[in-house]
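One structure below.
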Amino acid sequence: MGEVDEKTLGARVREARELAGLTQGELAQRVDLDRTAVNKIETGIRKMTALELSDIAAALGVRMSSFFSEPIPALVSHRSAQGLDTADSKIDRLLSQIASDVEFVTAFAAAELGFPNASEALPRPASLSDADGLAAQARKRLGLDAKEPVHDLVNRVASIGLLPFAVDLGVDTADAGTILLRQGAVSLINSHNKVGRRRLALAHELGHFLIADEYTVDWRVTDLQSGDVESRLDRFARSLLLPESGVRAAWLRHASRSRREVAVLLASEFRVDMATLARRLDELGIVDSAGAALIRGVTTTRADIVEFGLYIPDDLAGTSLPIPFQKAVLRAYRDERISRERALELLYGTFEDEDLPAPRDRREDELWNFVS
Amino acid sequence: MTQDPDALVFDTGPLRHFAGEGWLGVLKFLAGDRGVVIPESVQRELKRQVHDLPVLQQVLDAELIRVDRSDDLPFLMAFANYEQRLAVGQQNLGECGVLALGKTRGLELVLDDRVPRAIAEEEGLRVTATLPLLCCAIRDKQLTVPMVESLADDLIAGQYFLPFGPGGFRHWACEEGLIDYE
C-alpha cells in the first residue's frame, strides 16, 4: 500500500461513492453518520476510525484496502476516459474486482499464477488478412500447430498470461471484458451465453490481450459488421478457433456426408456454434451464402451426440475460475497468509468450506510456540 | 490514543474464554499494571455476541478493559491491510484491529486463531495466546490444572491444531515441568 494523506483518502472515498452512484446523504444513512460528517471525511477534514472506514467500504461495495492502494493503471485510464458511466456496467465492476483479487493473490503466490515474462505486444490488425496472421501467431504462442482444434482454450490462454474467469451476468450486459494488469491480464466472460459463444468471446479477448489493449468491454461479439478493430478481432477469433487448413481438411474428410452431418461434426470437433461455423465456411469460400444459411439453421440433436459419440464441452460454464488462480488462492491459504473465510470468498463460491484442505498438522514441539 | 506501551491487546476469542469461565478476576491479576486494551472492532464483536453469551456484558463493562478507537492513518492502513487478508463482511474484523495495534503501537497481542497468529509471527509482532496466560495463572496459583485442562485441551486440539488428545495438556505440562503436578 502506498502513502496516503487524509485529503487523498477523502478523495478516494468520494470517488468510490460516486462510482457506486450514491449521494453523500445516502452513504451517510447507510453508515449511520451525518451527511456533514461524510462531507468532512471526503474533504479530509474529519478523521475516521478503522470501523467507520470499514463500514463505508462495505456500503460502497469496495474493500478498505482500495482506499490505500494505487489503482490498476488500465482501470484509471479507462475510468478517466469513460467518466462515471462505467458504474452502470455490471461487467466493469466485476472485472475491476477480479483484477484486484488477482493482484492481491499475486503478492502471496506469484509462482502459482505463473505469469510468463511479458511478451511484446503484437501489431493491431489493420485488415482481415492481418487478423488471420495474428491468429497464426497466437496459435504458435498457445503451442498449437496450424491445423488442430483448440480444445483446452482456457488453460492454453492462461498459460500465456491471460486468466479467463466466467460468471453468469445475464442477458442485458456485455459478452466479455479484459483488463491488463501490472503483470498478466484477466478476462471475464459472460457465461449466460452458450459454450460456443463463450469460447468465441474468449478468443476475441485473447486478441485484445495480444495487441495489449489496456481495457475492453465487448458487447455482442460477432454482431459487428463494421470495418473496425472489433470486427477484425472477431475474424481473429474465428481464424483461431477454425484454422483454415484444419477446417478444409476436416471438410474433405467428411465430404461423403450430408451438409447437415458435416456441420454437426465440424462444430463438435472445433467446439464452435453453428453461426460461427457457417460464417467461417462462408468467408473461406467453402460454402456459398445459401450453404452458410443452411448450416446456421442446423441444431445438434441428442441423437447426433449419441450416434456420432460427440463430446459436449462446458468451458467457462456458470462461475468458473482459471486453475492457476485457484491454485494461488489455495497456496496462500495453506501457507496461512489468508484466512479460510477470505479464501472461500476469493474462490467466488466455487468451493464449499469442506472443499478446502484441513489446516496444517503441527508437530508436538510446536506447543512451545503457544506457551512461551 | 493507546497510552500504556506494555498493555495486552485481546482478540475476541481469548476474552470469551476468560469471561465464559468466570475468570475475569484472573485476567485482572495477570494483566496487573499492564492493562488490557481491545480495538473497537473487538468491542463490536463482543457486543454482537452478548446475546449468545450474556457474561460478555461484564467484559464490555469492565473498567480494566480500555477500548482503542485509533483514527490515525498508519493504523487505518495497517487495519485495511489485515482486513484484505482475513475479513469477509464483519467476520474477523476483530483480529484486524488487534494486529493493527500490534503493528503500529508495538503492543503484545493475545490471539488464538491460526492465521492471524501466523501473520503476527511473520511480521515480528509480539504475540501470545490464551494457553500461556493460563499457564501463568497456574504458576501464580490463580488457577489449578484441573480447572484449566478442559479448556486447554480444547484450545490445543481445536484452535492450535496440535497433535494432543484429551488429557494432553496435563500430561505435557507435567512432563515438561511447566507446571507442578497437583
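Letters A, B, ... are given to chains in the order of the sequence lines, protein chains preceding strands, and every chain is numbered from 1. The structure presented is a predicted model; accordingly, all values stated were derived computationally and were not measured.
Atom CD of E354(A) has more than 12 neighbouring heavy atoms from other residues, nucleotides or ligands inside a 6.0 Å radius. Annotation for R334(A): atom CZ does not count as buried by contact number, only 12 or fewer foreign heavy atoms lying within 6.0 Å. Counted within 6.0 Å of CG on D33(B), heavy atoms from surrounding residues, nucleotides or ligands total 12 or fewer; the atom is thus considered open. Heavy atoms from other residues, nucleotides or ligands lying under 6.0 Å from CD of Q29(A) number 12 at most.
Only the side chain of L53(A) comes within less than 4.5 Å of a heavy atom in chain B; its backbone stays farther off. Of the atoms belonging to E345(A), it is side-chain heavy atoms, and not backbone ones, that fall under 4.5 Å from chain B. With a threshold of 4.5 angstrom between heavy atoms, F108(A) approaches chain B through side-chain atoms but not through N, CA, C or O. Using a 4.5 Å cut-off between heavy atoms, D55(A) touches chain B through its side chain atoms alone. No part of A58(A) comes within reach of chain B, as not one of its non-hydrogen atoms sits under 4.5 angstrom from that chain. Only the side chain of L9(A) has a heavy atom closer than 4.5 Å to any heavy atom of chain B.
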>> What verdict does the side-chain contact (heavy atoms from CB on, under 4.5 Å) test give for R337(A) and R85(B), after you've listed the backbone C-alpha separation in whole Å, the side-chain angles of each residue and the deciding distance to 0.1 Å?
In response: CA-CA 7 Å; R337(A) 314 296 297 276; R85(B) 294 174 67 171; 3.6 Å; yes

Q.
Show, in sequence, the C-alpha distance, side-chain angles and deciding distance for E336(A) and R117(B), and conclude whether the salt bridge (Lys or Arg N to Asp or Glu O under 4.0 Å) test is met.
A. CA-CA 9 Å; E336(A) 301 184 335; R117(B) 280 185 63 86; over 6 Å; no

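By a heavy-atom distance cut of under 4.5 Å, not one residue of residues 30-43 of chain A is near chain B. Listed in order of number, the residues of residues 86-95 of chain B that approach chain A to under 4.5 Å between heavy atoms are L86(B), A87(B), V88(B), Q90(B), Q91(B), N92(B), L93(B).
Not one N or O on the side chain of R340(A) forms a donor-acceptor pair closer than 3.5 Å with the backbone of V115(B).
Between chain B and the options D335(A), I338(A), D5(A), L51(A), the largest number of non-hydrogen pairs under 4.5 Å is found for L51(A).
When all heavy atoms are compared, the tightest approach of L76(B) to M64(A) is O-CE, 4.3 Å.
Residues E83(B) and S54(A) have side chains that never bring a donor and an acceptor to within less than 3.5 angstrom of each other.
Evaluation of the side-chain contact (heavy atoms from CB on, under 4.5 Å) rule for T104(B) yields P74(B), F75(B), A78(B) as partners, not counting sequence neighbours.
Listed by first and then second residue, the salt bridge (Lys or Arg N to Asp or Glu O under 4.0 Å) pairs that reach into residues 146-157 of chain B are E149(B)-R170(B), sequence neighbours excluded.
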